[in-house]
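Quick caveat, the model's predicted, so the values are computed rather than measured.
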Amino acid sequence: MMQRQIESAIRALAARVEIDLQAVYVLSPSQLNVSLEFSGPWMEQYRPAAEEALEGVLRRLKLDDIGSTQVIVQPLASTSHAVDALLEHAKQYGAELIFAGTHGRSGVRRMLMGSFVETLHATSLTLTITIN
């Protein structure tokens, strides 16, 4: 459902302005629901699966407009570090807008795991659109 909403929002924007799209996923221990920090080489073993999953989502959504995909490996078990990695990538890429989906966690799960999108909203100077 969330992926379809993101697809609709991207298509609506692309119909009005010329955009250069890039799909990005931040792979970190927090995204794997692991509270430990991993060394870079250990996290790199997960990269191929993350890249394949990202490509699969784009194929299902038929988003042919995506210029490139990027999996950013961030080995620290910290939501804020994962957000910082995405924002640094967005800055280097020259992004003016970030679409971000959320799992909609609440209660204890949100308190323990944090919210990537909430942290992104709080720290980003780039316009962020959240789709639940």
Asks: Looking at every heavy atom in both Ser80 and Thr119, which two are closest together, and how far apart are they?
Replies: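 Answer, listing the atom of Ser80 first, then Thr119: CA-CG2, 4.1 Å.
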Asks: For residues Leu87 and Tyr93: do they belong to one hydrophobic cluster (side chain heavy atoms under 4.5 Å, members Ile, Leu, Val, Met, Phe, Trp, Tyr)?
Replies: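 No, because Leu87 and Tyr93 fall into different hydrophobic clusters, even though each may have its own neighbours under 4.5 Å.
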Asks: For Glu88, enumerate each residue passing the side chain to side chain donor-acceptor pair (under 3.5 Å) test, keeping only those at least two apart in sequence or located in another chain.
Replies: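 Result, side chain to side chain donor-acceptor pair (under 3.5 Å) vs Glu88: Gln92.
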Asks: For the residue pair Ile72 and Leu86, what are the closest heavy atoms and their distance?
Replies: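 The pair with the smallest heavy-atom distance is CD1-CA, 4.3 Å.
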Asks: Please name the residue in the list Gln74, Gln22, Gln70 that meets the side chain to side chain donor-acceptor pair (under 3.5 Å) test with His89.
Replies: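 Passing option: Gln22.
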Asks: How close do Arg47 and Val73 get, heavy atom to heavy atom, and via which atoms?
Replies: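 Smallest heavy-atom distance, with atoms named: NH2-CG2, 3.3 Å.
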Asks: Which heavy atom in Ala90 sits nearest to a heavy atom in Ile98, and how many Å separate them?
Replies: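 Minimum heavy-atom contact is CB-CD1, 4.1 Å.
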Asks: Under the side-chain contact (heavy atoms from CB on, under 4.5 Å) rule, what do Leu97 and Leu13 come out as? Steps first, then yes or no, please.
Replies: CA-CA 11 Å; Leu97 176 69; Leu13 180 63; 3.4 Å; yes
Asks: Which residues satisfy the side chain to side chain contact (heavy atoms under 4.5 Å, CB included) test with Ala23, sequence neighbours excluded?
Replies: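 Testing Ala23 for side chain to side chain contact (heavy atoms under 4.5 Å, CB included), a comparison that skips the adjacent residues, returns Leu54, Leu58, Ile66, Thr69.
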Asks: Under the side chain to side chain donor-acceptor pair (under 3.5 Å) rule, collect the residues that match up with Glu18, sequence neighbours excluded.
Replies: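 Counting only residues at least two positions away or on another chain, Glu18 forms no side chain to side chain donor-acceptor pair (under 3.5 Å).
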Asks: Could you grab the distance from atom CD of Glu96 to atom CG of Asp20, nearest 0.5 Å is fine?
Replies: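 If we round to the nearest 0.5 Å, Glu96:CD and Asp20:CG are 10.5 Å apart.
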